[in-house]
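The structure under discussion appears below in the form of structure tokens.
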Amino acid sequence: MKKLLSALLVAILFLQAFVEASISVSDAAHSLSQQEDVGGNVGGVLKKHQPQKINCDYACSRRCSKTSRKNVCHRACKSCCERCHCVPPGTYGNKDLCPCYANLRTHGNKPKCP
């Protein structure tokens, strides 16, 4: 009787281990398929990230609307926008929302972007 109970217990433990292993494998496969759809990671090879296109003319017109030197501001802003695909909101400041825009510098190590 004890042998039968111990054999049954061992069988239940093996069955439980098998079920848990099959669930984790199916979860991993599902997770991988979601990463392929969302992140562009196919088979462990990353696709080149395509940055979101924004309307740089509109964003820079808004950014430079209150400056006295609109052409200079617009030219610099557009150059930064095309490189970073981002323009901070407002007419001044807020550069923490667009780190690439904030980190671009001129040859004289001054901030490039208005």
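- Around the CZ atom of R83, the shell of radius 6.0 Å holds no more than 12 heavy atoms that belong to other residues, nucleotides or ligands.
- The side chain to side chain contact (heavy atoms under 4.5 Å, CB included) check on T106 picks up K110, K112, with sequence neighbours excluded.
- To the nearest 0.5 Å, the span separating OH on Y101 from CZ on R63 amounts to 5.0 Å.
- Surrounding NZ of K66 are at most 12 heavy atoms belonging to other residues, nucleotides or ligands under 6.0 Å away.
- The side-chain heavy atoms of I54 and C81, taken from C-beta on, include a pair separated by under 4.5 Å.
- Sulfur-to-sulfur, C64 and C73 sit under 2.5 Å apart at their SG atoms.
- Not one N or O on the side chain of N94 forms a donor-acceptor pair closer than 3.5 Å with the backbone of P88.
- In this structure, the separation between NE2 on H74 and OG on S79 is 12.0 Å, given to the nearest 0.5 Å.
- Under the rule for a side chain to side chain contact (heavy atoms under 4.5 Å, CB included), the partners of A76 that lie at least two apart in sequence or sit in another chain are P114.
- Panel note: side chain K78, backbone D57; no donor-acceptor pair is recorded below 3.5 Å.
- No more than 12 heavy-atom neighbours from other residues, nucleotides or ligands sit within 6.0 angstrom of CG on N71.
- A search for side chain to side chain contact (heavy atoms under 4.5 Å, CB included) contacts involving P99 returns N103, not counting sequence neighbours.
- Of the two cysteines examined, C60 and C77, the SG atoms meet the criterion of being under 2.5 Å apart.
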Test disulfide (SG to SG under 2.5 Å) on C84 and C100; report intermediate values, then the result. CA-CA 6 Å; C84 297; C100 171; 2.1 Å; yes
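- Put simply, the side chain of R62 reaches to within 4.5 Å of the side chain of V87, judged on heavy atoms.
- C113 has its SG atom within less than 2.5 Å of the SG atom of C80.
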